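Below is one structure, written out as structure tokens, with a few remarks after it.
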Number of protein chains: 2
Amino acid sequence: MSDLLTIIGTCPLLAGLSEEAKASLLPLCRSRAYSAGEIIYPPGSMQSNLCIIAEGRVRICSSNAKGREAMLAILDVGAWFGDTVFSPGMPRVFGATAHEDCRVVEVSGEGLRDLLKCFPEAYPVVLDQVSRRLWSAMSVIQDDVLRGTEARIGRRLLFLAHMHNRSDDSSGVSFALTRELLANMMGMTRQGVHRVLKNIEAQGLIEFEYGRVTITDPAQLEKYVDGLE
Amino acid sequence: MSDLLTIIGTCPLLAGLSEEAKASLLPLCRSRAYSAGEIIYPPGSMQSNLCIIAEGRVRICSSNAKGREAMLAILDVGAWFGDTVFSPGMPRVFGATAHEDCRVVEVSGEGLRDLLKCFPEAYPVVLDQVSRRLWSAMSVIQDDVLRGTEARIGRRLLFLAHMHNRSDDSSGVSFALTRELLANMMGMTRQGVHRVLKNIEAQGLIEFEYGRVTITDPAQLEKYVDGLE
DNA sequence: AGCAAAGTGTAAACGAATTGACAGTCATAG
DNA sequence: CTATGACTGTCAATTCGTTTACACTTTGCT
């Protein structure tokens with residue numbers, strides 16, 4: 001089990017903090033373990049804590065009365081979530097759930113905001129991070145409205161491939177992903193995803209087995225997806 | 001025609017700047033007029049300027065090859081846009097178009113970022129503004145995925161009503177809005193919007209004429225929309 | 001007043017994705 | 001190794017919104 005300072009060090013949001021600043025942050029942190037499936041916070045909750053993943057993965061999602069689920073992301077170790085840190089007073093739009101057994105460091109939102117005022121050199125990094133999230137969110141909105149399911153799924157696959165494979169081999173990329181999970185990410189049904197996936201497979205661009213998808217030629221998939229618009 | 005300082009003063013993003021800081025911002029600004037329909041910048045363009053509306057209204061939108069349009073917002077005087085200010089290097093996701101004849105003050109992104117480092121007391125306001133936009137964007141994503149068209153339109157109407165009518169009379173709110181415009185905002189067709197609108201009207205919650213919608217009882221509409229989920 | 005342009009109502013045909021239902025496959029623990 | 005639970009493929013029925021097509025208002029300009 002790694003120590004608090006190490007975890008803080010892995011979080012890109014806090015990368016602008018000096019060692020001294022990080023040290024003053026420690027008293028504002030508390031670490032907590034969650035078992036798979038446990039709710040870290042539900043959608044709509046009023047808190048402004050910052051959460052940093054120390055171990056395991058966390059699912060950012062929400063669901064409506066009919067049981068339909070919308071998943072925004074699955075975050076890995078080092079990632080931060082709880083975007084209301086800097087807009088306290090707003091309810092959490094999405095909730096957070098332990099996707100696996102995991103450990104999360106929670107930082108007091110108020111404490112962090114105060115701390116930043118004392119160490120303003122960290123602001124540019126924070127602003128950059130939040131701004132990037134905004135950019136991503138706007139991309140999602142655009143895709144949702146402007147593109148059909150096939151293009152959306154294709155783009156999502158490419159995005160996931162990008163995450164799982166830093167070295168951009170132009171060769172195939174393979175990663176674990178159930179269709180059920182993908183369906184939730186896309187706000188679609190398992191069956192709907194299946195049909196689209198089979199269609200893309202028919203173009204020879206992907207292959208898929210049990211809990212796994214392989215993009216045989218990422219570059220060509222990208223071209224195909226762009227051709228759909 | 002109001003002067004640069006006045007305009008800067010109306011922009012909530014820059015509300016944290018001292019008078020001195022605002023003065024040093026002036027050399028980084030240039031004002032430009034656009035006629036209705038003119039493109040301020042297209043989607044995908046690589047710039048990181050901040051834009052502030054001095055006169056008229058601006059449409060934030062994007063469209064695909066098939067001519068389908070997605071509109072994110074219509075902004076009024078004083079509002080800012082150009083969300084890549086703090087994530088330079090990313091292409092603009094949406095474009096900006098003059099919705100009417102208008103005048104826009106553009107502030108150098110790089111200049112603004114540098115200026116903030118000299119006046120760090122303005123950071124909290126900036127961060128708050130960007131963070132709120134992120135919150136709104138996430139709300140839109142959630143609505144798109146989780147809600148049906150009727151609930152989405154209902155929520156959008158309530159949001160628009162909120163903008164046009166600060167005093168929250170529980171009495172009716174009326175505002176100019178063509179169905180065509182609403183359709184673009186929602187990523188739907190004019191006919192689709194029409195059907196939904198007629199349905200909500202049948203509940204006695206709204207009325208609509210030529211270029212205008214009236215919410216007869218906002219509170220009840222809200223209750224109705226929430227009941228749909 | 002008169003005309004063009006923008007906005008609107010309506011309805012049938014179509015299509016895409018969900019719903020619901022069921023049998024089959026894989027993986028891991030006991 | 002077999003059982004259980006999670007994941008998957010498939011298909012018909014259905015729902016919802018788009019497409020297509022056309023006639024009708026309203027507004028603003030000359």
Side-chain angles (χ1 to χ4, degrees), chain A residues 36-37 59 63-71 74 97 99-101 143-154 156 174-202 206-214 228-229, chain B residues 36-37 59 63-71 74 97 99-101 143-154 156 174-202 206-214 228-229:
Chain A
R59 200 162 67 218
S63 59
N64 68 7
K66 291 208 292 281
R68 178 174 194 155
E69 192 177 344
M71 182 169 6
I74 294 183
T97 305
H99 190 64
E100 314 161 338
D101 287 350
D143 283 2
D144 278 356
V145 176
L146 253 36
R147 297 184 203 271
T149 49
E150 196 167 352
R152 288 222 310 281
I153 288 188
R156 182 65 65 119
S174 179
F175 49 92
L177 178 69
T178 68
R179 309 202 204 334
E180 212 150 25
L181 213 54
L182 184 56
N184 280 340
M185 283 184 182
M186 308 303 300
M188 297 174 60
T189 58
R190 180 174 60 78
Q191 294 94 321
V193 167
H194 175 65
R195 187 170 27 76
V196 172
L197 240 38
K198 258 185 59 173
N199 197 16
I200 303 182
E201 188 193 32
I206 63 168
E207 288 165 8
F208 53 97
E209 321 138 53
Y210 186 65
R212 173 162 296 276
V213 176
T214 306
L228 295 172
E229 278 292 339
Chain B
R59 200 163 64 219
S63 59
N64 68 6
K66 290 208 293 282
R68 178 173 193 155
E69 192 177 345
M71 182 172 3
I74 294 184
T97 305
H99 189 65
E100 315 161 338
D101 289 351
D143 283 1
D144 279 356
V145 175
L146 253 36
R147 297 184 203 270
T149 49
E150 197 167 350
R152 288 223 310 281
I153 288 188
R156 182 65 66 119
S174 179
F175 49 92
L177 177 70
T178 69
R179 325 239 182 305
E180 213 151 23
L181 213 54
L182 185 56
N184 280 339
M185 283 184 183
M186 309 302 301
M188 298 174 59
T189 58
R190 180 174 60 79
Q191 294 92 321
V193 167
H194 174 65
R195 188 170 25 75
V196 172
L197 239 37
K198 257 185 61 173
N199 198 15
I200 303 183
E201 187 193 31
I206 64 168
E207 288 165 11
F208 53 98
E209 320 138 53
Y210 187 67
R212 171 163 297 276
V213 176
T214 306
L228 295 171
E229 277 293 338

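Chain identifiers are assigned alphabetically (A, B, ...) following the order of the sequence lines, protein sequences preceding nucleic acid strands; residue numbering begins at 1 within each chain. Source: prediction; values computed, not measured.
- Scanning DNA chain D 5' to 3' for nucleotides with an atom closer than 4.0 angstrom to a non-hydrogen atom of chain A gives a first and last hit of dA6(D) to dC11(D).
- Rounding to the nearest 0.5 Å gives a distance of 12.5 Å between CZ of R147(A) and CZ of R68(B).
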Show me, pair by pair, the donor-acceptor contacts under 3.5 angstrom made by side chains of residues 181-192 of chain A, not counting sequence neighbours?
| from | atom 1 | to | atom 2 | distance (Å) |
| --- | --- | --- | --- | --- |
| T189(A) | OG1 | G192(A) | N | 3.1 |

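- Of the inter-residue distances, the one linking E209(A) atom CD with T214(A) atom OG1 reads 5.0 Å to the nearest 0.5 angstrom.
- Minimum interatomic distance between D101(A) and A36(A) (heavy atoms only, all atoms of both residues): OD1-N, 2.7 Å.
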Assign a letter to each nucleotide of nucleotides 25-30 of chain C from its 5' end: B, base within under 4.0 Å of a protein heavy atom; S, sugar-phosphate only; -, no contact.
-BS---
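- Over its length, the helix from dA1(C)-dT30(D) to dG30(C)-dC1(D) turns its helix axis by 40°, as judged from the five terminal pairs at each end, rounded to 10°.
- Annotation: the span from I74(B) atom CD1 to T97(B) atom OG1 amounts to 10.5 Å, rounded to 0.5 Å.
- Distance F208(B) CZ to dG7(C) P: 17 Å, rounded to the nearest Å.
- Look at CG on L197(B): it is 14 Å from C1' on dG7(C), rounded to the nearest Å.
- Between A70(A) and V145(B), the shortest heavy-atom distance links the atoms CB-CG1, 3.4 Å.
- The side chain of H194(B) contributes an N or O atom lying less than 4.0 Å from OP1 or OP2 of dT10(C).
- Separating the CG atom in L197(A) from the OG1 atom in T149(A) is a distance of 11.0 Å, to the nearest 0.5 Å.
- Here the CZ atom belonging to R59(A) is positioned 10.0 Å from the CD atom belonging to E100(A), to the nearest 0.5 angstrom.
- Every residue two or more places apart in sequence or in another chain was checked for a salt bridge (charged side-chain N to carboxylate O under 4.0 Å, His left out) with R179(A), and none qualifies.
- One N or O on the side chain of N64(B) and one on the backbone of G67(B) form a donor-acceptor pair closer than 3.5 Å.
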Which nucleotides of nucleotides 13-21 of chain C have their base under 4.0 Å from a protein heavy atom (B), which only their sugar-phosphate (S), and which neither (-), written as one string 5' to 3'?
----BBBBB
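- Heavy-atom minimum distance, R212(B) versus S174(B): NH1-OG, 2.8 Å.
- Contact between L177(B) and V213(B) at its shortest, heavy atoms only, is O-CG2, 4.1 Å.
- In this structure the side chain of R195(A) never reaches within 4.5 angstrom of the side chain of K198(A), judged on heavy atoms.
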